[in-house]
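Values in this document were obtained by computation on a predicted structure and should not be read as measured data. Letters go in sequence order (proteins before strands), and every chain restarts at 1.
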2 protein chains.
Amino acid sequence: MEGSQPKSQVKPRAASLTRDPERTRAAILRAATAEITAKGLTGARVDAIAARAGVNKRMLYHYFGDKQGLYLAVLEHTYAAIRAAEIGLNLTELDAAAGMRRLVLFTWQYFIDHPEFLSLLATENMNRAAYLKTSKQIRTLHAPLVGMIEVLLKRGAAEKVFRAGIDPIELYISIAALGFFYMSNRHTLSTIFGENLSAPERLARRGEHIVEVILAFLKPTKS
Amino acid sequence: MEGSQPKSQVKPRAASLTRDPERTRAAILRAATAEITAKGLTGARVDAIAARAGVNKRMLYHYFGDKQGLYLAVLEHTYAAIRAAEIGLNLTELDAAAGMRRLVLFTWQYFIDHPEFLSLLATENMNRAAYLKTSKQIRTLHAPLVGMIEVLLKRGAAEKVFRAGIDPIELYISIAALGFFYMSNRHTLSTIFGENLSAPERLARRGEHIVEVILAFLKPTKS
DNA sequence: CTGCATAGTAACCGTATAGTTACTTAACCG
DNA sequence: CGGTTAAGTAACTATACGGTTACTATGCAG
């Protein structure tokens, strides 16, 4: 352990000193995501991002132009990540109700696992979606869950286990809302109610609650 | 209109030049609320707040200590306002289902009318509720809607129009979530879906959707 | 009617911050 | 292998920003 290896000193510090644009770019993006989602766009400091990434500040400007360009890259990267995860969801083997349950729980779990996505959306909505509107990339990334919901609704209606005439976008918003609000506002809610809403058992309970609410809404009225 | 009144010139400019601590304080608070809810705490500029309020910047420090003190005052004032509105809600004359409908629509309408409340909560959650936790005032301001929901749930269960065993806090969070998320994320959602979610008819439709979702969840299962 | 506390003004200040300049060094291509 | 391009560094800069200093004016208590 304490011995030095005089033999193979060809590139002892190569891994960290060798130039590697992709790694540097990725490190900046990671650091920026952490800093911006923790402090917001205006609260984030470019010096802090550079320090966190372990790169010279100049590199942020080299790769991303300016702070706003970096923010846009973070936004696009984060949206691309959730879209990719959504596309990985396969519901074809399940019946309509089980498929809907899986879709709802998938969404809920994604929010639990990716608080940075919630923070970033909050930040971008404070900006009135100004950056999102400029991103052609994100606007071509259609939300696949809406399409999946549409299919489930049709199948469910055919199987007579769901009501007909439900708007998939309205439903998608509700599924997202029930999880998003709980997670994104967990700090104020926990304070107001004097309960720790982030406790694992509380999160599991919330997931079941959301499923119940959505399935109750979809259930045909026996009249 | 154009004539001057030479008679009563005792205090011609009195209203704007006379000292008036309460009015000045209120003007600062109003301006700070607008600036902070538009830009966030870190994005808000004390010079902008002073200019908007039409007062000397020094006065912000005179009345509120520093920027953080001003933010806390905005937070407390905004929470006090919603609590006051909630207390004004009277559901005693309605049956359980009608009462629940009114409570849900009241919450929804409050979010529509008070976007500053939504922005401020988003900002405070980015702060991980750090300021809320320091405010004894807000923490003594219990959410009255939870109590009202509890009463409605009991009455509804007795009338056999609601299921039994529903947690009022979980339900409160869901009622808030279905409206809050839609409004607070309306900019990104409108962009993604290419629809204007802020259109009045869309808001009305959303209100009815939320009522439907909540009442379906409360409905007893005929099994 | 005066003097003292408080409301209010204007100019100022230190520093934090986004962004730049001027330069060096590695890598790759012909 | 040499030279052009891109990756990377260090030091710097202009300014925006939160906060302060030093002062003036008002109004009310005694």
Side-chain angles (χ1 to χ4, degrees), chain A residues 9-36 38-75 123 127 130-131, chain B residues 9-36 38-75 123 127 130-131:
Chain A
Q9 265 185 353
V10 188
K11 284 183 174 181
R13 304 174 313 190
S16 59
L17 288 188
T18 297
R19 294 183 171 187
D20 188 342
E22 276 189 38
R23 192 191 44 192
T24 301
R25 214 191 116 96
I28 293 170
L29 203 57
R30 263 177 55 87
T33 302
E35 176 79 4
I36 290 172
K39 314 250 182 84
L41 175 55
T42 54
R45 298 292 160 237
V46 292
D47 289 289
I49 294 170
R52 203 193 275 248
V55 306
N56 189 285
K57 177 167 60 157
R58 184 68 235 286
M59 291 294 97
L60 313 204
Y61 297 94
H62 184 62
Y63 288 105
F64 299 99
D66 58 11
K67 193 186 182 186
Q68 299 194 3
L70 181 51
Y71 171 71
L72 186 59
V74 167
L75 195 62
T123 295
N127 296 332
Y131 294 89
Chain B
Q9 265 185 350
V10 189
K11 286 180 174 182
R13 305 174 314 191
S16 59
L17 289 188
T18 298
R19 293 184 171 189
D20 188 341
E22 277 189 37
R23 190 191 46 192
T24 300
R25 215 191 115 96
I28 294 170
L29 203 57
R30 265 176 55 88
T33 302
E35 176 79 3
I36 291 172
K39 313 249 183 85
L41 175 54
T42 54
R45 297 295 161 233
V46 294
D47 290 289
I49 294 170
R52 203 193 275 249
V55 306
N56 190 284
K57 178 166 61 155
R58 183 72 234 288
M59 291 295 96
L60 314 202
Y61 297 92
H62 184 62
Y63 287 104
F64 299 99
D66 58 11
K67 193 187 182 187
Q68 300 194 2
L70 180 51
Y71 171 71
L72 186 59
V74 166
L75 195 62
T123 294
N127 296 331
Y131 294 88

Only pairs at least two apart or in different chains count here, so list each ring pair (Phe, Tyr, Trp, His ring centres under 6.0 Å) that has a residue in residues 43-65 of chain B.
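Every candidate ring pair (Phe, Tyr, Trp, His ring centres under 6.0 Å) pair involving residues 43-65 of chain B fails, so no pair, neighbours aside, qualifies.
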Between [atom2] of [N] and [atom1] of [X], the distance in whole Å:
X: L60(B); N: dG18(D); atom1: CG; atom2: P; value: 10 Å
X: I28(A); N: dG19(C); atom1: CD1; atom2: P; value: 14 Å
X: K39(B); N: dG18(D); atom1: NZ; atom2: P; value: 11 Å
X: M59(B); N: dT20(D); atom1: CE; atom2: P; value: 13 Å
X: R25(B); N: dA7(C); atom1: CZ; atom2: P; value: 11 Å
X: I36(B); N: dG18(D); atom1: CD1; atom2: P; value: 10 Å

Problem - Residues which pass side-chain hydrogen bond (donor to acceptor under 3.5 Å, both in side chains) with T42(A), listed by chain and number, not counting sequence neighbours - result: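 Result, side-chain hydrogen bond (donor to acceptor under 3.5 Å, both in side chains) vs T42(A): T42(B).
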Exercise for review: Give the minimum heavy-atom separation between A50(A) and N56(A), together with the two atoms involved.
Suggested key: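 Smallest interatomic distance, heavy atoms only, reads CB-C, 4.4 Å.
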| said: Would you compute the distance between atom OH of Y131(A) and atom CG of L75(A) and round it to the nearest 0.5 angstrom? | reply: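 Nearest 0.5 Å value for the OH-CG distance: 10.0 Å.
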Requested in this report: Any chance you could measure L60(A), atom CG, to D66(A), atom CG, to the nearest 0.5 Å?
Outcome: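 Output value for this atom pair is 10.5 Å.
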*By side chain to side chain contact (heavy atoms under 4.5 Å, CB included), which residues pair with A53(A), not counting sequence neighbours?*
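Residues passing side chain to side chain contact (heavy atoms under 4.5 Å, CB included) with A53(A): A27(A), I28(A), A31(A), V55(A).
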Any T18(A) side-chain nitrogen or oxygen under 4.0 Å from OP1 or OP2 of dA26(C):
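The answer is no; no side-chain N or O of T18(A) sits under 4.0 Å from OP1 or OP2.
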Check: Is T24(A) near enough to dA7(D) that one of its side-chain N or O atoms lies under 4.0 angstrom from OP1 or OP2?
Finding: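 For dA7(D), OP1/OP2 do not have a side-chain N/O of T24(A) under 4.0 Å.
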Next on the checklist: If you take any heavy atom closer than 4.0 Å to DNA chain C, which residues from residues 40-55 of chain B end up in contact?
Outcome noted: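 None, since no heavy atom is under 4.0 Å.
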- Query: In residues 61-74 of chain B, what residues come within less than 4.0 Å of DNA chain C, judged by heavy atoms?
  - Reply: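 When residues 61-74 of chain B is checked for heavy atoms under 4.0 Å from DNA chain C, the hits, listed by number, are H62(B), Y63(B).
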Out of the candidates T33(B), L70(B), L29(B), only one should pair with I49(B) under the side-chain contact (heavy atoms from CB on, under 4.5 Å) rule; please name it.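 Exactly one pass, corresponding to L70(B).
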Note, L41(B) side chain near K67(B) side chain (heavy atom, < 4.5 Å) |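 Yes, at least one pair of side-chain atoms sits under 4.5 Å.
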Salt bridge (charged side-chain N to carboxylate O under 4.0 Å, His left out) with D47(A): which residues, sequence neighbours excluded?
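Partners of D47(A) by the salt bridge (charged side-chain N to carboxylate O under 4.0 Å, His left out) criterion, ordered by chain and then number, come out as K57(A).
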Test salt bridge (charged side-chain N to carboxylate O under 4.0 Å, His left out) applied to K39(B) - qualifying residues, sequence neighbours left out:
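Salt bridge (charged side-chain N to carboxylate O under 4.0 Å, His left out) check on K39(B) returns E35(B).
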Report, one pair per line, the protein and nucleotides 10-14 of chain C atoms (nitrogen or oxygen only) whose separation is under 3.5 Å.
{"unit_1": "dA10(C)", "atom_1": "N7", "unit_2": "N56(B)", "atom_2": "ND2", "d": "3.2"}

